[in-house]
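Working notes, beginning with the structure itself.
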Amino acid sequence: MQTKNSDGGCGTPSHQQFEGEKSKCPMSEHVMGNVSQLDDPFTALRQGDGVLDIDDQGDPVKMVLGLKDVRKAAHSWQLFQSGAIPGRIVVPSEVAIRDVRQLPFELDPPAHKGFRGLLEPWFKRPAGKAYQDKLTDIVSIMFDSILDNHTAINKRSSPEMVTHDAVKDIALVLQSRALTVLINVPMTEAQTWINWGTHVFRSDDNPLDASKANVLYDYLDEQIAHAKKAPGEDIYTELLHAEVEGKALTEEEIKGIMILTFAGGRDTVINALTNSLAYFSENPDALNFINEHPENLNSAVEELLRYFSPLTHMGRVATKDTQVAGHDVAYDSRISLCWASANRDESVFESPNEVNLTRKANPHVAFGFGIHNCLGATHARALLRIWVGQLAERVARVEVVEADENTEQWGEVARKVGFHKLLVRLHKRA
Amino acid sequence: MIKVTFNTADGEQIVAEGTGGSMMELALENNVPGIDGDCGGVCSCATCHVHIAQDDFAKVGEPNDIEKDMLELTNDVSGTSRLCCQVPLSEDIDGISVTVVRD
């Protein structure tokens, strides 16, 4: 079994992001403008051709931009497949650096159905109260530590100066701790994943570096071996005893599921949590509104997900000569479903570039669409609802001290997706 | 109280009663299998798909364009399909019967 690398299925930012524009704003809050703004860089292209052609390591991609075209292509799994060679539906392609097929998302029906059906009950656990209580504790502990200056992470600073990097100190930690609940392992495991840093699936200077992700592969080998010797109630044990179509899973298949579980919810959840702090820093009224009208928490979170679109797009491979958005697509060439552009489609969303926390009908595709829609969505939604709910309840004001934006470059288009660093101070409610 | 009868995919019949909110919320409160309501009711996930009984469809009415677009790409759509997060519980729909599409 070859296990070269994975950069993760969902949540993989562009390798080109590192060439992208970065803006450092080490200024005071008074001059710090637009930190929360996430422009839609696809507007003109979506209204024009409806597609954006980009190159990716010599394997071009036609990005589909309109919501209806994106949904239709996502729905047409026979025409636009996911079960291509491993790594090819990810953009940038991971074909050169990984052999393990990520499951279930790099499969087509009928094989897809068996794996999805197996995993669905496990990944729906976050809809239950006991699960959400655990997430609530994780989020509470985070706020306790941030809002109590005596135990703040930056101990050397005087209380009024305490700052936290929303990416590293808050989002990465919350994401890791919450993941222990999803895979049902002790909370202590989170520290291992936090120590990997935000970029465990790639090196800082080379996102397609095969050696970096071996940390994750080796870790998973150990975890699977441990679960064999000492079965528990964790996902590894569950998968070791599971069958799909009457057949036990191979270790390669278990690894394929776990790599997706680790990678798919990492950058995406980190971006969503960090972007929410940036958003509320410039929209304190929104924070007060949710605090005073918590019945709007759900629509608020869905709207933030639409606006943030933590995963820009995901690819597919054409199974025959066809068309998308009125453009020819050749057999075995790639398209991508641009969730970020679709979520700003002015033909569907009124005032698409404005955040409207009470938007009633909000048919966004932040978690994808169709049979491959995000398996971790129930977990992500539960975490975000609890996070935003407590933020509104406990924090009066989010102050951004310094921001280093994370901007992806897709052909001629640059898209801000989050931050490399976002230094914040959280001011608690009286 | 407004009464809705949910017929599940495996033949179970659940009679639920409520006073407000949406038909999706009523289904969740009564643990109706096949109604997940993942997106919480913003018409983004199609996990609350029902077929309204033919005789009751006029009481519920046609979906709006956003819901129609969602239904167009949803499996097992019929002429009386609705996403029940978009159906408010009101006196108008009291006593209707629906069939849950997903199992």
Side-chain angles (χ1 to χ4, degrees), chain A residues 66-77 109 113 117 120-121 123-124 126-128 295-306 339 342-343 345 347-350 356-371 373-382 384-385, chain B residues 6 8-10 18-50 60-78 81-90 100-103:
Chain A
L67 179 70
K68 286 174 188 174
D69 291 328
V70 164
R71 283 208 296 222
K72 204 171 149 199
H75 183 72
S76 310
W77 54 264
K113 193 176 183 345
E120 199 76 50
F123 282 83
K124 287 274 186 186
E295 67 277 14
N296 293 291
L297 181 59
N298 181 72
S299 67
V301 166
E302 294 299 319
E303 175 70 345
L304 292 175
L305 283 164
R306 180 190 72 84
W339 319 118
N343 281 341
D345 190 328
S347 72
V348 178
F349 301 102
E350 201 176 309
N356 172 3
L357 298 178
T358 58
R359 204 181 279 276
K360 289 284 173 279
N362 191 349
H364 69 77
V365 285
F367 290 113
F369 185 80
I371 60 167
N373 66 1
C374 179
L375 187 57
T378 316
H379 171 82
R381 281 182 158 122
L384 285 169
R385 287 170 193 164
Chain B
F6 293 91
T8 68
D10 58 6
T19 50
S22 71
M23 202 203 297
M24 181 274 285
E25 288 165 317
L26 180 68
L28 287 191
E29 283 158 19
N30 289 274
N31 299 311
V32 175
I35 302 288
D36 292 348
D38 284 346
C39 75
V42 297
C43 200
S44 162
C45 72
T47 62
C48 64
H49 181 194
V50 296
V60 180
E62 295 282 338
N64 67 15
D65 287 348
I66 282 179
E67 188 184 337
K68 262 185 203 157
D69 286 343
M70 282 296 286
L71 284 168
E72 197 183 315
L73 299 178
T74 302
N75 291 333
D76 305 313
V77 170
S78 78
S81 279
R82 289 297 309 263
L83 297 175
C84 62
C85 72
Q86 299 300 302
V87 180
L89 274 195
S90 70
V100 179
V101 178
R102 299 162 75 247
D103 54 23

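Since the model is a prediction, treat every value here as computed from it, not as a measurement. Protein chains get the first letters and strands the later ones, always in sequence-line order, with residue 1 at the start of each.
With a 4.5 Å cut-off on side-chain heavy atoms, A:Lys68 and B:Leu73 do not count as touching. Annotation: side chain of A:Arg71 is in contact with side chain of B:Met70 (closest heavy-atom distance under 4.5 Å).
Only the side chain of A:Asn298 comes within less than 4.5 Å of a heavy atom of chain B; its backbone N, CA, C and O stay farther away. Heavy-atom distances place the side chain of B:Asn75, and not its backbone, under 4.5 Å from chain A. Proximity to chain B is absent for every atom of A:Phe367, based on heavy atoms less than 4.5 angstrom apart. Both the backbone and the side chain of A:Ala361 have a heavy atom closer than 4.5 Å to some heavy atom of chain B. For chain B, no part of A:Arg306 is nearby; none of its heavy atoms comes within less than 4.5 Å. Both the backbone and the side chain of A:His364 come within less than 4.5 Å of a heavy atom of chain B.
Other residues, nucleotides and ligands contribute more than 12 heavy atoms inside 6.0 Å of the NZ atom of A:Lys124. Counting non-hydrogen atoms of neighbouring residues, nucleotides and ligands closer than 6.0 angstrom, the CD atom of A:Glu350 reaches no more than 12 such neighbours.
We find the SG-CD distance between B:Cys45 and A:Glu302 to be 8.0 Å, quoted to the nearest 0.5 Å.
Taking 4.0 Å as the cut-off between side-chain N and carboxylate O, A:Arg381 and B:Asp38 do not count as a salt-bridged pair.
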